[in-house]
2 protein chains.
Amino acid sequence: MMAPRRCEPGVCGKCAQPCTLGTLSRDLELDLRQLPELRERRLARGDYLFHTSGNFESLYAVRSGSMKVTMLTEDGREQITGFFLQGDLVGLDSVGLRQHVSSAAALEDTVVCELPFALLERHGQSVPRIQAALFRMLSGQIRRELSTLLLLGSLRAEERLAQFLIDLAERGVGPAECGTAIWMPMTREEIGSYLGLKLETVSRTLSKLHREGIIEVVKRGVRIRQERQLRLLAGMNPVPAARPRALAH
Amino acid sequence: MMAPRRCEPGVCGKCAQPCTLGTLSRDLELDLRQLPELRERRLARGDYLFHTSGNFESLYAVRSGSMKVTMLTEDGREQITGFFLQGDLVGLDSVGLRQHVSSAAALEDTVVCELPFALLERHGQSVPRIQAALFRMLSGQIRRELSTLLLLGSLRAEERLAQFLIDLAERGVGPAECGTAIWMPMTREEIGSYLGLKLETVSRTLSKLHREGIIEVVKRGVRIRQERQLRLLAGMNPVPAARPRALAH
DNA sequence: CCCGTGTTGTTACCCGTTGTTACCCGGCGT
DNA sequence: ACGCCGGGTAACAACGGGTAACAACACGGG
């Protein structure tokens, strides 16, 4: 992992263009120029941002790239509890604790911006907007986990993959439509770990969806071909849900 | 549902004895005498405390009885996302929103204490301890959901039931040991909905554990017979984890 | 440059766990 | 008595896991 260095406020980590909105993440609408002391960290694939039982001190906003968050089951196996893309906030599951309950690793070259939690709390005392934003972030995390819970509780492999692909698409580039290209920065095994499936099942199911003409799969790239069918499989209404973009320029 | 009435501060809803600690719930260590305006609600089996898309206004501390919280999948099926026993706090998944994202219904005769969220927020501005308690409660909810997520992601029916039973036992009466009696206020179908299993599988698996002498099942009552075996199945270390009691007197 | 090696992904075959369906019983309220 | 609900059991089907063989590709060393 490269050494942390000063973050340039108001500059996007990915394209090095100034952020006209100064929006750090979709959850925390925070003008970076108000908090000039934030540092950024650059990670390569496999680098850990934090580890289970390490001290919890900061949240991290993903500015470019992507991360996985993993937990250990009591019998020692590892399971992925979430993927975090550009604009997402990592580390919320350990708020209020001394130590992290999960580990976070980069899936590819990734830049994150460090937000010391004590700093946020301190600002929260005086700025009610930050206070409210913290509650929104925490409860947003709760709801993301609840929807994963619904997915794992009742959906079959095909349906899980369909929902996963639509979620990835809409978190990345906006409404998932026919022709929308999705980049999956994670391996089949990582997808399986997150969706409660074995990697072979992930592979099989993606192949099946490809055979049926619903999607087109080339390695880690997926293109949606039949949006309606995909949404049908995912158990969704055919109407795409509006979702805020990650970072606006 | 019976009409809400004034709650008697410092008096336990179950045994009508004064609470010597004044502890409302294990999450929110709050002296009831500081907030004399709290009201309680009495529910019978099946009564709803709140509904999806109803206005979110309060959290509820379960003083006696038990509740289930359910969500609707996008295709209309209902799934239980959590059971809440004496001392638990219901409603955290909608914090920061206008409307509830879930519904809560009583599993048996139940008494809850209403905590208007606006009141908590107001107190949180001035009393940092309440502020911190709110964060702890939210992140505690996150972690409970994460452990359910691990369960649904990788465990088989037997393992899920084992973990479920141990969790129920330890949330109720303390460390789960040989001889510990567990009361399950929910139906087999509700257990199945929560654990991602069909009710027949729940039934089959409980019977199997009974046949093997690990537990004893009489309707909704379960007695642990071989604690080690049960913990082994649940993928836990044989050492019982210390866990705070719900309400101390 | 070629080659060996390790990683990731695909596919095929078999089989175990779980879902499905059906029917049973017992308790309870009407 | 009757129907309804919760619960138990059995037979069958299907989904997904286990295993293995193999292809594609990146990487590093000779």
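Keep in mind it's a predicted model, so treat the numbers as computed, not measured.
Here B:R220 lies in heavy-atom contact (under 4.0 Å) with sugar-phosphate atoms only. Residue A:G196 is in sugar-phosphate contact alone, with no base atom involved, counting any heavy-atom pair closer than 4.0 Å across all strands shown. Residue contacts shown for A:L206 are absent, as no nucleic acid heavy atom lies under 4.0 Å away. Backbone-only engagement by B:T187 is indicated by non-hydrogen atom pairs under 4.0 Å involving sugar-phosphate atoms exclusively.
In summary, A:K68 and A:E190 engage in a salt bridge, as defined by a charged side-chain N under 4.0 Å from a carboxylate O. By the 4.0 Å N-to-carboxylate-O rule, B:R143 lies too far from B:E145 to be salt-bridged with it. A salt bridge is defined here as a Lys NZ or Arg NE, NH1 or NH2 lying under 4.0 Å from an Asp or Glu carboxylate O, and B:E170 with B:R231 meets this definition. Contact check on A:E216 versus A:R225 returns a salt bridge, with a Lys/Arg side-chain nitrogen under 4.0 Å from an Asp/Glu carboxylate oxygen.
The shortest side-chain heavy-atom distance between B:Y60 and B:L89 does not fall under the 4.5 Å cut-off.
Note: CG (B:L155) to C1' (D:dG17) measures 15 Å, nearest angstrom. Counting to the nearest Å, the C1' atom of D:dG7 and the NE2 atom of B:H210 are 15 Å from each other. Computed from coordinates, the B:M186 CE to D:dG7 C1' distance equals 16 Å when rounded to whole Å. Rounded to whole angstrom, the span from the CG atom of B:L107 across to the C1' atom of D:dC5 amounts to 16 Å. Rounded to whole Å, the distance from CG on A:L152 to P on D:dC15 is 19 Å.
Take the nearest nucleotide of DNA chain D for B:S207 and for B:R45: the residue whose nucleotide is more 5' is B:R45.
Ring planes of B:F56 and B:H100: perpendicular class, angle over 60° (limits at 30 and 60°).
Donor-acceptor pairing under 3.5 Å is lacking for the side chains of B:Q86 and B:S64.
For A:E212, the salt bridge (charged side-chain N to carboxylate O under 4.0 Å, His left out) partners two or more places apart in sequence, or in a different chain, are A:K208. Legend: residues meeting salt bridge (charged side-chain N to carboxylate O under 4.0 Å, His left out) with A:D109, ordered by chain and number and at least two apart, are absent. The side chain to side chain contact (heavy atoms under 4.5 Å, CB included) search around B:L199 returns B:R188, B:E189, not counting sequence neighbours.
Of all nucleotides in DNA chain C having an atom under 4.0 Å from a heavy atom of chain B, the first and last in 5' to 3' order are C:dT18 to C:dT21.
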Could you go over nucleotides 18-28 of chain D and give all protein N or O partners under 3.5 Å, atom names and distances?
from, atom 1, to, atom 2, distance (Å)
D:dG18, O6, A:R204, NH1, 3.1

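When the C1' atoms of four end pairs are superposed on the next four at each end of the helix from C:dC1-D:dG30 to C:dT30-D:dA1, using five pairs per end, the two resulting axes differ in direction by 30°, to 10°.
A:T201 has no side-chain polar atom (N or O) that falls below the 4.0 Å cut-off from OP1 or OP2 of D:dG16.
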Candidate pair A:D47 and A:R41, rule salt bridge (Lys or Arg N to Asp or Glu O under 4.0 Å), full reasoning: CA-CA 11 Å; A:D47 286 347; A:R41 292 171 106 90; over 6 Å; no
